[in-house]
Amino acid sequence: MDSYDAKTIEQKWQALWETEQVFHVANEAPGDSPDEQHFYMLEMLPYPSGSLHMGHVLNYTLGDVVTHFKRRHGYKVLRPMGFDSFGLPAENAAIKDGGHPLEITERNMEAIRIQMRLMGWAIDWQREVSAHEPSYYRWTQWLFLKFFEHGLAYRKEAPVNWCPNDQTVLANEHVVDGRCWRCGFVVETRNMAQWFFKITAYADALLDDLATIDWPDRTKRIQTQWIGRSQGAELLFRVDELDIDIPVFTTRPDTLFGATFFAVAPESPLVDQLAEGMEQAEEVRSYASLSAARPTEDREQRAKTGVFTGRYATNPATGQPIPIWVADYVLMEYGTGALMAVPGHDDRDHEFAETYGLPIVSVIDEGGKLINSAQFDGVPADDAKGAIVEWLSEHGQGKPAINYRLRDWSFSRQRYWGCPIPIIYCEEHGAVPVPEDQLPVLLPEVDDYRPKGQPPLASNPDFINVPCPICGKAGRREADTMDTFVDSSWYFLRYTDPFNVQAPFDRAIADYWMPIDQYIGGIDHAKGHLLYSRFFMKALNDLGMIGVREPFQRLFHQGWVLLDGKRMSKSQGGVSPNELIDRFGADAIRIYILFYGPADQDINWSPDGIDATVRFIRRFWRVVHEAAAGPESPAAVDTPLARKAHETIARVTDDIDRRFMFNTPIAAVMELVNELSKAPDDPAARFAAETAVSVLQPWTPHVAEELWGVLGHGNERLWESPWPVADEAMLQRDTIELVLQVNGKVRDRIQVPAGLSEAELIEHARASEKVQAHLNGVERRVIVVPDKLVNIVV
RNA sequence: GCCGGGGUGGCGGAACGGGUAGACGCGCCCGGCUUAAAACCGGGUGUCCCUUCGGGACGUGGGGGUUCGAGACCCUCCCCCGGCACCA
C-alpha cells in the first residue's frame with residue numbers, strides 16, 4: 001500500500017478529466033431524447049478582480065457536490081463557468097498600479113481558471129463566457145436595443161446617486177446607508193440625464209411570481225420589502241386660486257377628515273407654481289432650494305422644517321381650506337411628492353404640526369371607529385378606507401391606487417471598463433439605436449481612463465464622432481457604459497448556447513435548460529443581481545425570446561467565510577486557497593470547508609482542523625486498502641457493518657437531496673469508516689469500504705476515484721457510476737433499544753425485539769429492576785411509543 | 001420604529017414530525033508504539049454530588065406555561081445578526 005499522496009492523485013485525475021472533457025455536456029439536436037432528465041446547476045460567476053478566496057471555495061464546492069450527486073443519479077447536468085469581467089475593481093486596479101484593465105482582468109481570469117482546476121471542480125469549460133469579450137457584449141448591446149425598442153430602456157434627466165470617489169452614477173440598489181457599496185463614500189444626489197431600465201413595469205410580477213419559486217424566505221422578504229408595494233388611494237386636493245388639482249398618495253384615506261394641512265417636497269416643481277405671485281415667494285423659493293440641496297443622508301436626522309406658501313388647498317372631504325406648506329420631510333421620490341398631513345394619526349405630521357402650531361384633529365376613536373368624519377362617524381377604520389375612496393370617486397376626487405418603493409434601474413455609468421451603450425445622438429433624430437448589423441460597438445482603447453466626471457470615452461474623438469444612422473449628419477456616440485449588473489442579468493442564458501452568432505441564444509436550447517434548477521450565491525445580491533435577472537427574464541419572456549418567467553427555480557445562499565469577523569475578500573488576502581491546496585490537497589480543503597457546519601451559516605476562518613481532515617483521509621485510505629485486501633463481500637451479506645453501510649447510503653442521500661446538508665453526510669461516512677476499522681474481518685468489510693468511497697465521492701472526487709480502483713473497479717469511472725441505493729430491508733432493525741422512563745425520566749435502556757405489542761413492551765418495562773426502583777406510588781398512566789419508549793407515570 | 005433569523009460542552013456543530021441532548025470532528029487527559037519526537041493505534045472527556053462498584057441531581061440565553069414527556073410548542077424578558085426606514 002502506497003501512502004496517501006494528494007498531489008499525485010489529484011493531478012492524475014484532473015489531467016484525465018481535462019483531456020477527456022468528461023464534464024462537458026453537448027446540446028442535443030432538437031428532438032433528441034426529449035425525456036432525458038436534465039439539471040442546470042449554477043453558482044454565481046466570479047468577478048475577476050483578484051484570485052479566489054475561501055468564500056469562493058465554499059460556494060463552488062457546494063455546487064460541485066450537487067453536480068456529482070445529480071450526475072450520478074442519471075441527470076444530464078449543465079454546470080458552466082464564466083467571468084463577470086467588466087467593472088470598476090479592475091479599472092481601479094489599473095489606475096492604481098498602472099496597466100490596462102483588460103490585461104489585469106485577463107491575468108486574474110487565468111489565475112482563477114488554474115485555481116478552479118486545482119480544486120477539481122466538475123465544470124464544463126467549453127461553455128466559458130466572459131462579459132468583456134466582444135462576442136458576449138455584442139449581445140448585451142443587442143438585448144439593450146430590444147429593450148429600448150419596446151420602451152423598457154429609456155433615457156431621462158433625473159436626480160440620481162453620484163459617487164464622488166468612483167465618479168459615477170450608482171443604482172439605488174447599490175447605495176447602502178447613504179454610501180457607495182463599493183468604496184463607502186457618501187453618495188450625492190445629482191440631476192443628470194441617465195439611462196434606466198423600466199423594472200417598475202414589472203413590480204407586481206416580481207412580487208407575485210415569488211410564490212412560484214423555491215427561494216429562502218429571507219430573500220423573498222428582502223425583495224418584497226425593496227419593491228415596497230403599498231395599497232392605498234390617490235386623492236385630489238383642489239387649489240382654486242390656481243385652478244389645479246394636486247394628487248397625493250395615501251394608505252390611510254380613512255383619516256382624510258383629519259387632514260388639516262398639505263405639504264409639498266422642496267424639490268417639487270409645484271413649489272414655483274405655488275410661490276408665484278405670493279408675498280412670501282422669495283422666502284419659499286430660498287427655503288426650497290436650500291433644503292433640496294441638503295444631502296439626503298442627514299435629512300431624516302434633523303428636526304422637521306418647513307415654510308408656509310400662503311396658498312390653500314381644499315380638503316375634498318370637509319370642503320375646508322387647508323394651508324399648503326413646503327416641508328423637508330416630504331420626499332420627492334415617493335408617491336407624488338406631496339402629501340395630505342394628518343397630525344392626529346401620523347407621528348411625522350404630528351411633530352410638524354406641533355412645531356408650527358397647526359391644528360390637530362382626531363378622527364378615529366380608541367375603539368378604531370371614525371369620529372369627526374360626518375356621515376362616516378362610527379364606521380370601523382378598515383371599512384372606512386374603501387368607503388371614503390368610493391365616495392370621493394363619485395365626484396372624481398379620488399380612486400384606489402397602488403404605490404411602489406421600487407424605482408427604475410439606472411444603469412449608465414460614467415466609466416470606461418464596461419459595455420458601450422449602442423446609441424448615437426443626432427440633433428434632429430435624438431437618441432438613435434446603432435443598427436444591429438453594426439454591433440458590437442467595440443470598447444475602444446483610450447489613453448486615460450481615470451474618472452474625471454466626464455466619461456472617459458467622451459475624450460476619444462474617433463469613437464464619439466460618427467454620423468447619425470438615420471440622416472448621416474454629424475452625430476455623437478453615447479459615452480457612458482453599462483452597469484456590470486446588465487452583463488450578469490443574462491449570462492446564464494448565454495451558457496446554454498455560447499457560440500451562437502445569430503442571436504444571444506437559441507430559444508429552443510435555452511428553453512431546454514432553463515430555468516436553472518439550483519442557483520447558489522451570496523445573499524448580498526438579494527435586491528441587486530437576483531432582482532435584475534428576474535426582471536430580464538420577464539422582459540425576455542414578453543419579447544417572445546424565452547419560455548420561462550423565472551431564471552432561478554431553487555436558490556441557496558452559502559454563508560460567509562469570515563476572517564477576524566470580516567468577510568473574506570480578494571483585497572484582504574490572508575488565506576490563499578492555492579497554498580492550502582499545496583499543503584493539504586484539494587480533497588482535504590473541500591471536506592474541511594463543508595464539514596465546518598451548515599453551508600448557509602457563516603464560518604469563522606481558522607486553519608485548526610485542516611490537519612484533522614487530512615488525518616481522516618489518510619485513515620480512510622488505509623482502512624479502504626485493508627478492506628480491499630480482504631475477500632469480496634457476499635451479495636446479500638447481512639451483518640451489523642452491512643446494515644451500517646446501507647444506513648449511511650440512506651443518510652447521505654437524504655441529507656443532500658431533501659435537506660441540502662453537506663456537513664452531516666461527512667459525519668455519517670466517518671461513522672461508517674470508524675465501524676469498518678473496528679471490524680476488519682466482517683464479511684461486509686469490502687462492501688462497507690465500497691459504500692464509503694462511493695458516497696463520499698462528491699466531496700472528495702480525487703481520492704474516491706483512486707480508491708475505487710484499489711477496490712478492484714479500475715475499469716469503471718466512479719464519477720459516472722450510478723449512486724448506490726440503500727436496501728430498505730437492511731434499514732429495518734430486528735432489535736431496538738427500548739427507553740424506559742418513569743415520570744418522563746430515563747431510568748433504563750434495554751434491547752428488545754422490534755415490533756412488540758404495547759402489552760409486551762409494558763411487560764418488559766415492569767421487569768426492569770431500575771424501573772422498579774422508581775415505582776413507589778400509584779401507577780396512573782403508561783405511555784407507549786412503539787419500538788421506542790415506555791413511560792410509566794406514578 | 002416595522003419585518004425577520006439566531007442563542008446547545010472548552011470550540012465548530014448534531015439531534016429532521018414533541019420521545020435516549022451533545023452524533024461527527026477539534027481541543028484536552030490517560031495509555032500503547034518509539035532511544036526520542038512526529039505520525040499512528042487504543043481508551044476517556046457536559047457540570048456537580050455520593051470516597052467505591054455503581055448510582056443520583058442538574059443541564060440547550062433568563063423567567064413562566066402547555067404536556068406523561070420540551071433544545072423543539074406558547075407567553076415574556078435579555079443578548080447577537082440581517083432587511084426596510086421621515087415611504088405618507
Side-chain angles (χ1 to χ4, degrees), chain A residues 3 176-177 216-230 232 235 248-253 255 259 263 265 296 299-304 327-331 333-342 345-349 351-352 403-406 523-524 526-527 591-592 595-598 600-604 606 608-613 615-616 618-619 622 651 654-655 658-659 661 663-674 677-678 737-749 770 773-774 780-785 787-794:
Chain A
S3 63
V176 178
D177 296 332
D217 287 342
R218 197 168 143 215
T219 317
K220 290 188 178 182
R221 206 174 307 113
I222 292 172
Q223 292 206 345
T224 303
Q225 286 183 150
W226 185 252
I227 295 167
R229 178 184 155 119
S230 308
L235 309 181
V248 299
F249 175 77
T250 179
T251 53
R252 297 294 307 276
T255 63
T296 42
R299 205 157 138 173
E300 67 198 70
Q301 318 287 349
R302 298 204 209 164
K304 297 170 181 36
D328 59 0
Y329 77 97
V330 184
L331 302 174
E333 56 287 4
Y334 189 77
T336 62
L339 57 82
M340 67 177 214
V342 185
H345 302 281
D346 182 280
D347 290 346
R348 298 151 299 173
D349 297 344
E351 184 190 329
F352 192 85
N403 198 58
Y404 300 91
R405 199 190 160 284
L406 182 70
I523 196 169
D524 51 334
K527 65 183 194 206
I591 286 204
Y592 178 69
F595 185 58
Y596 196 93
D600 56 358
Q601 198 174 291
D602 293 353
I603 293 174
N604 282 303
S606 142
D608 300 347
I610 302 187
D611 283 336
T613 338
R615 205 179 307 153
F616 166 69
R618 280 204 209 105
R619 184 170 143 82
R622 194 185 62 244
R651 278 172 68 184
D654 186 56
D655 278 355
R658 184 176 61 85
R659 304 178 66 203
M661 299 276 281
N663 53 333
T664 45
I666 300 170
V669 174
M670 285 173 169
E671 282 182 43
L672 178 60
V673 172
N674 287 345
S677 75
K678 282 175 195 155
E737 189 180 65
L738 185 69
V739 174
L740 305 179
Q741 296 182 334
V742 177
N743 290 335
K745 296 201 178 202
V746 179
R747 293 304 175 186
D748 201 0
R749 290 155 204 202
K770 289 175 188 166
H774 291 89
R780 280 179 37 220
R781 208 174 151 186
V782 182
I783 312 280
V784 178
V785 182
D787 282 351
K788 216 156 213 174
L789 105 174
V790 175
N791 183 15
I792 300 173
V793 187
V794 296

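Note that the coordinates shown come from a computational prediction; the quantities given were computed from them, not determined experimentally.
Closest to the R619(A) side chain, of the nucleotides C86(B), U20(B), G42(B), is G42(B). Residue N674(A) has its side chain nearest to C24(B) when only C24(B), G83(B), C84(B) are considered.
Using modelled atom types, one side-chain atom of Y596(A) and one backbone atom of N604(A) make a donor-acceptor pair closer than 3.5 Å. Listed for the Q223(A) side chain is a donor-acceptor partner under 3.5 Å among the backbone atoms of A526(A). Listed for the D349(A) side chain is a donor-acceptor partner under 3.5 Å among the backbone atoms of V342(A). Panel note: side chain N791(A), backbone I783(A); no donor-acceptor pair is recorded below 3.5 Å. Formation of a donor-acceptor pair under 3.5 Å by the N743(A) side chain with backbone atoms of V794(A) is found in this model.
With sequence neighbours excluded, the residues forming a side chain to side chain contact (heavy atoms under 4.5 Å, CB included) with S677(A) are R619(A), V623(A), listed by chain and number. Qualifying side-chain hydrogen bond (donor to acceptor under 3.5 Å, both in side chains) partners for D654(A), counting only residues two or more places apart in sequence or in other chains: R658(A).
Nucleic acid contact class of I222(A) (heavy atoms, under 4.0 Å, all strands): sugar-phosphate only. The residue D346(A) sits apart from the nucleic acid: no heavy atom pair falls under 4.0 Å. Residue D217(A) is out of contact with every strand shown, counting any heavy-atom pair closer than 4.0 Å.
Regarding R348(A), its CZ atom lies at a distance of 9 Å from the P atom of C86(B), rounded to whole Å. Regarding I523(A), its CD1 atom lies at a distance of 9 Å from the C1' atom of G83(B), rounded to whole Å. One can place CH2 of W226(A) at 12 Å from C1' of C87(B), the figure rounded to the nearest angstrom. Between K220(A) atom NZ and G83(B) atom C1' there is a gap of 16 Å when expressed in whole angstrom units. As a whole-Å value, the separation of R618(A) CZ from A39(B) C1' is 8 Å. Distance, I666(A) CD1 to C26(B) P: 13 Å, rounded to whole Å. We find that CD of E333(A) is positioned 9 Å from P of C86(B), with the value rounded to whole Å. Put simply, CD on Q225(A) is 5 Å from C1' on C84(B), counting in whole angstrom units.
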Check the interface with nucleotides 27-34 of chain B: list each N/O to N/O pair with the protein under 3.5 Å, or write none.
none

Grab the N/O contacts between the protein and nucleotides 55-57 of chain B below 3.5 Å, and write none if there aren't any.
unit_1, atom_1, unit_2, atom_2, d
G55(B), OP1, K770(A), NZ, 3.3
A57(B), OP1, R747(A), NH2, 3.4
A57(B), OP2, R747(A), NH1, 3.3

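Comparing the P positions of G22(B) and G46(B) gives an interatomic distance of 10 Å, to the nearest angstrom. The same atom, C1', is picked in C58(B) and in C41(B); the two are 36 Å apart, to the nearest Å. Of the P atoms belonging to G71(B) and G7(B), the separation is 14 Å, rounded to the nearest Å. Comparing U60(B) with U20(B), their P atoms sit 15 Å apart, to the nearest whole Å. Remark: the separation of the C1' atoms in C74(B) and U66(B) is 7 Å, to the nearest Å. Comparing G59(B) with G63(B), their P atoms are spaced 9 Å from each other, to the whole Å. Distance noted for atom C1' between C11(B) and G83(B): 30 Å (whole Å). For the P atoms, the distance linking G43(B) with C26(B) amounts to 14 Å, nearest Å.
A donor-acceptor pair shorter than 3.5 Å can be found between the side chains of T664(A) and D655(A).
Judged by distance alone, with hydrogens and angles left aside, Q741(A) brings no side-chain donor or acceptor close enough to the base of U20(B) to form a pair under 3.5 Å.
Taking the O4'-C1'-N9-C4 or O4'-C1'-N1-C2 dihedral as appropriate, G63(B) has a value more than 90° from 0 and is therefore anti.
Using the six-membered ring where Trp is involved, Y334(A) and F249(A) have ring planes that are perpendicular, over 60° apart on the 30 and 60° scheme.
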Classify every nucleotide of nucleotides 5-18 of chain B by which part a protein heavy atom approaches to under 4.0 Å, writing B for the base, S for the sugar-phosphate alone and - for neither, in 5'-to-3' order. -------SSSSB--
Paired and unpaired positions of RNA chain B as dot-bracket, Watson-Crick or G-U wobble under 3.5 Å, | denoting a partner strand: (((((((..(((......[....)))((((((.......))))))(((((...)))))..(((((..]....))))))))))))....
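Atom CG of residue L235(A) and atom OG1 of residue T250(A) lie 6.5 Å apart, to the nearest 0.5 angstrom.
For the pair R749(A) and E737(A), the salt-bridge criterion is not met [side-chain N within less than 4.0 Å of a carboxylate O].
Here the closest non-hydrogen pair linking T251(A) and S230(A) is CG2-CB, 3.8 Å.
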